[in-house]
Amino acid sequence: MTLKRIGIVGTGVIAEIHAEAIANHPGLQLTAIADINTSSAKNFANKWKAEHVFESAEELAKSDIIDAVHILTPPDSHAKLSALFLKHNVPTFVEKPVGTTQEDLILLEQATTKSSAQFGVNQNSLFHPAFQKLLGILKSGELGTITSVQIHYAAPLRQLESGQFSHWMFKRPINILLEQAVHPLAQIAQLVGTFDTVQTSTTPPLEIADGKPFYPTTLMNLQGQNASAQLHYSVGATYSRWNIDVLCSDGTVSADIIANRVIKNGRSKWLEATEHFSVGRSAAKQLKSQATGNFLTYAASMIGLKGRSDAFYLGMAASIRNFYALLDGSNEALTVDFPFAKSLVDACLVASDQMIEKEAAPHKSAQRNEVDVVILGGTGFIGRYVVNQCIDKGMTIRVIARNIHNLPAIFQHDLVDVISADMKDADAARTAVSGTKKVINLAHGGGGASPDLVLNAMLGSAEAVFAACAEAGVESLIHMGSIAGLYLGDPNEVITGSTPPDPMPNKRGDYAMAKALTDQRMLELNKGTGPSITILRPGIVVGKGTPATHSGLGVFNNDQHCLGWSSGNVKLPFVMVDDVASATVACLDAENIDGKCYNLVGDVCWTANEYMDALCEETGRPFTYHAQSPRYITSIENLKILIKRIAGKKQAFHNIRDFKSRAMYAPFDCSDVKSALNWQPVADEATFREQAITIHAHSKGQE
């Protein structure tokens with residue numbers, strides 16, 4: 001069998017899934033990677049053993065070295081890049097949505113008409129195992145014909161809760177539909193046919209920026225060619241749900257997409273009372289059988305007896321296999337082509353037109369060559385509070401961020417300039433920090449899929465900022481670290497600003513290790529030429545904009561149950577975000593703080609149990625803290641790794657030192673920062689409760 005040579009354009013998160021599915025397909029070979037970020041493209045190519053790397057999609061399209069391409073770039077570029085490869089008659093498989101505007105759809109319609117190449121769209125929700133099982137039942141005819149379909153889709157949205165409104169999905173009201181609603185819409189279209197009419201109603205919008213609305217909940221009534229349907233769609237939910245209910249002429253079938261199970265109900269020969277018992281018993285039997293099967297499949301995958309088995313991956317892999325089956329001329333494959341994908345975007349466009357749209361105030365261009373302070377990462381959670389306090393002090397500010405869309409009203413202030421810059425580009429970085437004597441670096445640099453990538457991202461970013469500051473003549477650099485870089489596992493050691501970063505960082509988790517080594521490097525750089533460096537290390541930061549389910553307490557496997565780092569009775573180093581901001585701004589005027597490290601821990605240090613109890617009282621929700629010991633956590637986590645290693649997966653064992661530190665047994669003494677910066681964090685428990693806990697009882701997503 002001749003292998004098909006595959007190219008990938010774009011190396012974001014979704015590209016990892018595509019690459020894995022391609023690697024597991026016996027007829028495919030990943031050959032080429034294209035990304036404008038050359039470093040990212042090379043790293044991705046090395047990981048997945050792709051031979052060729054290109055800096056642009058145009059170069060790849062002209063190369064004649066691939067038999068098909070996967071377009072995995074941001075949604076706004078899908079249509080243009082797809083048209084490019086279709087022009088060169090390269091079979092093209094693009095991530096949803098196929099386009100974002102009518103202009104995109106016109107461009108692609110022309111491209112697919114003129115090209116002889118196969119074109120497909122990754123509507124992977126159609127290939128979810130539960131949906132495929134539901135389709136099989138309906139196609140068998142045992143329940144008769146479809147009369148109506150209802151889907152209830154509710155999902156959390158981390159960016160909404162944390163106020164990260166610069167994400168593409170918040171740019172226009174339609175974008176959230178194109179980002180997530182197309183998944184259930186694709187399933188509805190597959191069941192009822194092309195939509196003839198779309199009627200939309202919404203709940204009142206949230207204002208996410210100055211005059212910019214966001215609609216978290218939408219009700220869509222759809223009339224398909226074969227039946228009617230209704231989609232209740234909601235994001236920012238605290239409980240996830242994705243249920244499909246199909247009413248047929250002779251029964252019903254329901255799919256729970258999240259739990260990956262399907263239940264069908266039909267008629268029997270029995271009288272009504274007996275039939276109710278029979279139907280209930282049958283449903284229970286189906287639930288038990290599928291739940292058991294799903295668990296055994298998961299267990300077999302964990303110990304290496306079979307490959308990856310999570311439903312999301314299986315759906316993605318099946319969607320990719322389906323495209324190549326169509327490319328090979330299969331008559332049994334599901335057709336997910338341009339007309340099908342266009343109908344989904346059309347429905348979203350109609351729904352969006354029925355919403356009331358307001359445009360946010362346009363961002364003004366940067367005006368000042370010189371400013372009092374430059375803030376890197378100023379549009380982030382802590383950054384917004386720092387900017388606000390700088391404004392209160394009458395300071396001129398230049399905010400540097402990667403994405404500057406949909407920012408809160410404070411970024412329209414006359415004292416604030418906002419620019420986008422890539423701090424990995426030395427020239428751009430130097431320009432970004434020029435014209436000031438003081439820089440605040442709140443940007444952590446990003447993460448990665450391995451310890452080395454996490455370290456390179458975090459440490460590399462910090463070094464790049466320092467180098468840019470040194471070249472631009474910056475005198476003072478305030479670097480935001482974290483108490484995660486310290487060792488906090490000894491209850492007999494009092495932690496102060498003089499406590500050094502963890503001397504054994506290799507025994508810590510990826511994030512903590514990177515924080516410790518970055519702090520060490522900043523202290524080394526401070527001894528040479530360049531700006532003076534002050535390191536701030538916040539504790540568990542709470543306040544408006546943080547999730548109620550804070551990872552400082554433990555692992556939240558879901559939005560309700562916390563698997564704690566300790567017994568729950570340890571006093572934890574909480575700090576209000578306003579207090580972190582006040583300490584940061586105080587550094588701009590403070591004297592004799594060159595080379596100093598300050599831990600930012602407030603005066604109200606509740607235990608995890610106290611925090612969770614207050615959260616239950618204020619929100620009325622049943623949050624539960626599950627006490628654990630570091631020794632127990634280490635044993636369980638290492639047992640999981642042992643199973644993976646037996647299955648042939650390379651992964652390092654955890655060290656108990658890391659989990660002892662996460663338990664945060666060590667007490668803090670912050671008298672040094674209080675004295676040096678005249679810092680006065682919240683000391684009143686009622687105020688702490690109001691600002692850290694009660695805020696989560698209010699509407700989410702509003703800034």
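Keep in mind that this is a model prediction, so the values were computed, not measured.
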Between L344 and D346, is any pair of side-chain heavy atoms under 4.5 Å apart? no
Nearest 0.5 Å, please: how far is CG in L178 from NE2 in H78? 10.5 Å
Close side-chain approach of L231 to L185, heavy-atom, < 4.5 Å: yes
Applying salt bridge (Lys or Arg N to Asp or Glu O under 4.0 Å), which residue pairs with at least one partner in residues 215-232 are found, sequence neighbours left out? none
Backbone N or O of T200 within a donor-acceptor pair of the Q354 side chain at under 3.5 Å? yes
For C248 and L138, work out which heavy atoms get closest and say how close. SG-CD2, 3.5 Å
Locate the shortest heavy-atom distance separating I66 from G7; write the atom from each residue and the value. CG2-N, 3.8 Å
Whether D245 side chain and S254 backbone form a donor-acceptor pair below 3.5 Å: no
Side-chain donor/acceptor of S115 to backbone N/O of T112, under 3.5 Å: no
Identify, with sequence neighbours excluded, every residue that meets salt bridge (Lys or Arg N to Asp or Glu O under 4.0 Å) alongside E95. none
Nearest heavy-atom approach of A401 to T379 is CB-OG1, 3.4 Å
Can a donor-acceptor pair be found, under 3.5 Å and without considering hydrogens, that links the side chain of S461 to the backbone of M458? no
For the pair E109 and K342, find out whether any cationic side-chain nitrogen is under 4.0 Å from an anionic carboxylate oxygen. no
To the closest 0.5 Å, what do you measure between OG (S352) and CD1 (I174)? 4.5 Å
Min side-chain heavy-atom separation T92-I71 under 4.5 Å: yes
Should F54 and I33 count as side-chain neighbours, where that means a heavy-atom distance under 4.5 Å? no
How long is the gap from SG on C348 to CD1 on I176, to the nearest 0.5 Å? 10.5 Å
Which of these, H232, R241, Q180, sits in a side chain to side chain donor-acceptor pair (under 3.5 Å) with Y153? Q180
What is the minimum heavy-atom distance between A57 and V9, and which atoms define it? CB-CG1, 4.1 Å
The salt bridge (Lys or Arg N to Asp or Glu O under 4.0 Å) partners of D67 (sequence neighbours excluded) come to R5
Can you name the closest pair of heavy atoms from V387 and I397 and give their distance? O-CD1, 3.8 Å
When you look at CD1 of I36, are more than 12 heavy atoms from neighbouring residues, nucleotides or ligands closer to it than 6.0 Å? no
Checking side-chain contact (heavy atoms from CB on, under 4.5 Å) for the pair V198/Q223: CA distance, chi angles, key distance, verdict? CA-CA 7 Å; V198 178; Q223 181 58 53; over 6 Å; no
From M169 atom CE to N175 atom CG, the distance as rounded to the nearest 0.5 Å: 9.5 Å
pair D256-W242: side-chain heavy atoms closer than 4.5 Å: no
So, D35 versus S40: side-chain donor-acceptor pair below 3.5 Å or not? no
For D427, all residues meeting salt bridge (Lys or Arg N to Asp or Glu O under 4.0 Å), sequence neighbours excluded: R430
Which residue pairs pass the side chain to side chain donor-acceptor pair (under 3.5 Å) test when at least one of the two sits in residues 52-61, sequence neighbours left out? none
Treating Q132 as the side-chain partner and L126 as the backbone partner, does any N or O pair qualify as donor plus acceptor under 3.5 Å? yes
Flag the pair R321 and D328 as a salt bridge only when some basic side-chain nitrogen lies within less than 4.0 angstrom of an acidic carboxylate oxygen. no
Find out whether T101 and R172 are in side-chain contact, i.e. whether some heavy atom of one side chain is under 4.5 Å from a heavy atom of the other. yes
Strictly distance-based, threshold 3.5 Å: is any side-chain N or O of Q150 a donor or acceptor partner for the main-chain N or O of V246? no
Donor-acceptor pair, distance only, cut-off 3.5 Å: does the side chain of N322 make one with the backbone of L334? yes
V235 vs Y215, test: side-chain contact (heavy atoms from CB on, under 4.5 Å). Steps then yes/no. CA-CA 9 Å; V235 293; Y215 299 88; over 6 Å; no
Would you find a donor on one side and an acceptor on the other, under 3.5 Å apart, between the side chain of K96 and the backbone of E179? yes
Quick one: are I257 and I244 in side-chain contact, heavy atoms under 4.5 Å? yes
State, yes or no, whether a side-chain contact exists between I375 and I400 at a heavy-atom distance under 4.5 Å. no
Kindly check if the number of other-residue, nucleotide or ligand heavy atoms within 6.0 Å of CD (E332) is above 12? no
Backbone of A432 reached by a side-chain donor or acceptor of R398 within 3.5 Å: yes
Just say parallel, tilted or perpendicular for the rings of W48 and F44, cut-offs at 30° and 60°. tilted
Verify side chain to side chain donor-acceptor pair (under 3.5 Å) between N221 and Q230, making sure each step is shown before the conclusion. CA-CA 5 Å; N221 290 299; Q230 187 178 72; 2.9 Å; yes
One thing to verify: whether K62 and D64 come together as a salt bridge, which I'm taking to mean a side-chain N less than 4.0 angstrom from a carboxylate O. no
Can you tell me how far CG of D76 sits from CH2 of W168, rounded to the nearest 0.5 angstrom? 6.0 Å
I would like to know whether L222 and I188 meet side-chain contact (heavy atoms from CB on, under 4.5 Å); could you show each step before the answer? CA-CA 9 Å; L222 308 124; I188 291 175; 4.0 Å; yes
Ignoring hydrogens and geometry, is there a side-chain-to-backbone donor-acceptor pair from N46 to K49 under 3.5 Å? no
By ring-ring contact (aromatic ring centres under 6.0 Å, His included) - contacts of H70 (at least two apart): H18, F93, Y324
To the nearest 0.5 Å, what is the distance between OG1 on T431 and CD1 on I419? 8.0 Å
Check whether more than 12 heavy atoms from other residues, nucleotides or ligands sit under 6.0 Å from atom NZ of K80, and answer yes or no. no
Heavy atoms only: give me the nearest V149-V192 pair and the separation to one decimal. CG2-CG1, 3.7 Å
Please report the C-alpha distance between V416 and Q412 in whole Å, then the side-chain angles of each, then the deciding distance to 0.1 Å, and finally whether the side-chain contact (heavy atoms from CB on, under 4.5 Å) criterion is met. CA-CA 7 Å; V416 180; Q412 295 293 329; over 6 Å; no
